[in-house]
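Notes for the one structure printed next.
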Amino acid sequence: MSDDLRAYPPRERTAEPRRSVDFAAELNAAQFKAATHPDGPLLIVAGAGTGKTRTLVYRVAHLIDRGVPPSRILLLTFTRRSAQEMLARAEKLVGHASRSVHGGTFHGTAHRLLRRFGPEGGLPGDFTILDQSDAEDLMGLSRTALGLGDKTKRFPKKETLHHVYSRHVNTDIPVGAILRDEYPRFVQLEEEFAKVFADYTQRKQQRDLVDYDDLLLYWALLLENAPAVADKIAGLYDHILVDEYQDTNVLQARILKGMCRVHRNLTVVGDDAQSIYAFRGATIRNILDFPREYHGASTVTLEENYRSTQPILDATNLLISRAEERFSKELYSRRTGGEKPWLVTAQDEQQQTRFVVDRILELHEQGIPLREMAVLFRAGYMSADLEIELTARNIPFDKWGGLKFLEAAHVKDVLAFLRVLENPRDEVSWYRLLLLMPGIGEVTARNAVQSMADLAWSHESFGRFTPPPRAREAHAALVRLLADLRAGTGDEDGRVTREIVRVRALYDDILRERYDRVEPRLSDLDQLQTIAGGYPDRATFLSALALEPPSATSDLGFGSDTEDDTLVLSTAHSAKGREWDAVFVIWAVDGWFPMARALGSEDEIEEERRLMYVAMTRARNHLAVSYPLNVYDTRRGADYSLDQVSRFLDRGVRKAFQRVTLQAVVEPAAVPDASAPPEVDLRALLRGRFGSS
DNA sequence: TTTTGAAGTCTCTCC
DNA sequence: GACTTCAAAA
């Protein structure tokens, strides 16, 4: 097991000559102040497009320039992609020294540290990471084991249980309070929740399983409760820099406190106006309270926007001015040219789609590459119609966001085989693959798992299990496959890929049996095989997959493999930190953006508003926000409803836009014969109904 | 006990 | 539209 996951996939080697950096000349005054800030806590409040990344990169460069050993700098970012990007940019400034800077997500870093120091806190060094749905499944097993799953009384679903658990761990809010706020109907069940959580925790520990929350929690607990190990871990770094600080939670703040308690060299960068992850426990309080939490902290505010034209900023400033508590800042740009953003009213979804595609082609003709354009939306499924149209018109695109690929049942199925090999105690994966086998159902699976547990999960324990007659064949096939896979030796390249090939020899037939649309699923598995080729061993592969899921799906046959000029479709969340020349925000319909189910509280609505702000501020030169009037809504029975523009685009905000109304496309056949008198005067009928003349 | 087909249930954001 | 849940058949 490699100590350092950053090595995969390998960063390309470029012989960049080191140059001396003229910080004062290459940064504006505020950026310069932040980048060259001496030791001690520093808060950088950076509005959208104000060169936040640039400042952070230069700060890293400056630290290295000052003689801080690069390997003693830790850069925590929100995605692994942004860490890589920043380090690549730092490399251009200070040469390959920056390659030794440790960069990654909180979870990725936690993983690295726990593999190394976990054993000193009683953790096994070879734990398996549970992703969210694995964790939910395990929670389900706990619920069933406690007999709370039967339908005699109403008990929350495993997803709800997990959500409450996760929120509790990440926010320190007592379970009772969470129930009161979010699930009043379950308040009386607090004790049962606690029992399930206790069982869940025990189950994880007995089976060497670690969920996402544990990664952070164990890190924090080591820092807080094991002084000797804490000194070692905190002693690894002299400087810690955190990006997107507005999206960290209480637990992450605790970790930072522990990591920095000696030197206090903590730099955090964030924008309270872009806080969009409260749903997973992030709290805006971290950034708002930073100056109080770290006495003597300096604060630098970046307000000059280098990204967008002034007309676009006028619109986004108006949008966010409606928000409640925030560090007040007014972004301005010297890019005064440019046209007002568009607010496009479409008659229906098809027309919205057609508008977006036509406009994209138009801009493309004007010389804007596809990769400089993006279409953003609130949730992954909202781009379905657009994807079909783009495919039909041969426009290549990448879709970001969502975890589709790894969530796909067939991908998880194949991974379950590998995970069982890696960790024979992985109960969740055992259930998953046992239930796949013909002749094995819930009862047999449970018996098998129980019998393996009795034999301490040894490798042979599954072979010793005596299946009922109907499952004999499946059992034998599985035993053979697992033995076969275990027999594979060495760490030669492509080993994981070959394992997947062998698993598929058994699994592909099952897949064909179970699903109707087989081809896209098979090609997902092909893709999994390819991805596996980039990893040296199974453990690294599985961990990396859980921590940094590949975003691409092969559903529609387009991908960045063949094309390098591809349009980006993305959820607003996944678009954070990115920018494009032209941005389309679609589905700006009330109930869609903001989403209807996010309207429960004022806080949720505010978060939706900030999300819309994030989406719109991605644009450099062209911004178009569109909404269809008529939405075919299957929920309300096959009917069309007349929809309203998003509440965030109120009358005042709309003034910053130019209105574009797309005319209804009338099918020739449907055009009424204007010469014929109407059969009935509908409007008069309606007026008469209310007695008005 | 497993399988199968039909009815029913939601629909999100992500490490 | 994809997945879960339920009831009845094999």
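Letters A, B, ... mirror the listed sequences (proteins, then strands); counts begin at 1. Remember, it's a predicted structure, so these values are computed and weren't measured experimentally.
Applying the ring pair (Phe, Tyr, Trp, His ring centres under 6.0 Å) rule to Tyr237(A) yields the partners His102(A); only residues at least two apart in sequence or on another chain are considered.
With rounding to whole Å, Arg578(A) atom CZ is found 19 Å from dT13(B) atom P. Taking atom CD of Gln132(A) as the reference point, atom P of dC14(B) lies 11 Å away to the nearest angstrom. Rounded to an integer number of Å, the gap from CG of Asp213(A) to C1' of dC15(B) is 9 Å. Here the C1' atom of nucleotide dC12(B) and the NE2 atom of His163(A) are 12 Å apart, to the nearest Å. Rounded to whole Å, atom P of dT13(B) lies 13 Å from atom CZ of Arg280(A). Rounding to whole angstrom units, NZ of residue Lys399(A) and C1' of dT13(B) are separated by 13 Å. Taking atom CD on Glu513(A) and atom P on dT3(B), their separation rounds to 11 Å, with Å as the unit. One can place CG of Leu76(A) at 13 Å from C1' of dC15(B), the figure rounded to the nearest angstrom.
Side-chain contact, Ser543(A) with Arg115(A): a donor N or O sits under 3.5 Å from an acceptor N or O. If you check the side chains of Asp413(A) and Tyr507(A), you find a donor sitting under 3.5 Å from an acceptor.
Put simply, Thr571(A) has a side-chain N or O that comes within less than 4.0 Å of OP1 or OP2 on dC14(B). OP1 or OP2 of dC14(B) has at least one side-chain nitrogen or oxygen of Ser574(A) nearer than 4.0 Å.
Counting only Watson-Crick and G-U wobble pairs whose two key distances fall under 3.5 Å, DNA chain B forms stems of three or more stacked pairs at B:1-10 with C:1-10.
Comparing atom distances between the Thr105(A) side chain and each of dC15(B), dT1(B), dC12(B) picks out dC15(B) as nearest. For Arg470(A), whose side chain is taken as the heavy atoms from C-beta onward, the closest listed nucleotide among dC14(B), dT1(B), dC12(B) is dT1(B). Side chain of Lys157(A), nearest nucleotide from dC14(B), dC15(B), dC10(B): dC10(B).
Taking 3.5 Å as the limit, the base of dT13(B) and the side chain of Arg378(A) contain a donor-acceptor pair of atoms between them.
Results of the side-chain hydrogen bond (donor to acceptor under 3.5 Å, both in side chains) test with Asp247(A) over Arg280(A), Lys576(A), Gln252(A) single out Lys576(A) as the only residue that passes.
Using a 4.0 Å cut-off between a side-chain N of Lys or Arg and a carboxylate O of Asp or Glu, Asp426(A) and Arg207(A) do not qualify as a salt bridge. We find that Lys157(A) and Glu136(A) are not joined by a salt bridge, their nearest charged nitrogen and carboxylate oxygen being 4.0 Å or further apart. Using a 4.0 Å cut-off between a side-chain N of Lys or Arg and a carboxylate O of Asp or Glu, Arg432(A) and Asp134(A) do not qualify as a salt bridge.
In this structure the side chain of Ile284(A) never reaches within 4.5 angstrom of the side chain of Glu606(A), judged on heavy atoms.
For the segment residues 438-446 of chain A, residues with any heavy atom less than 4.0 angstrom from an atom of DNA chain B are, sorted by number, Pro438(A), Gly439(A), Ile440(A), Gly441(A), Glu442(A), Val443(A), Thr444(A).
With DNA chain B read from its 5' end, the first of the two nearest nucleotides for Ile276(A) and Met437(A) is the one closest to Met437(A).
Contacts of Phe106(A) with the nucleic acid, taken as non-hydrogen atoms under 4.0 Å apart, are absent.
For the pair Ser646(A) (side chain) and Phe593(A) (backbone), a donor-acceptor distance under 3.5 Å is present.
Relative to the six-membered ring of Phe279(A), Arg167(A) misses at least one condition, a distance below 6.0 Å or an angle of at most 45° to the axis.
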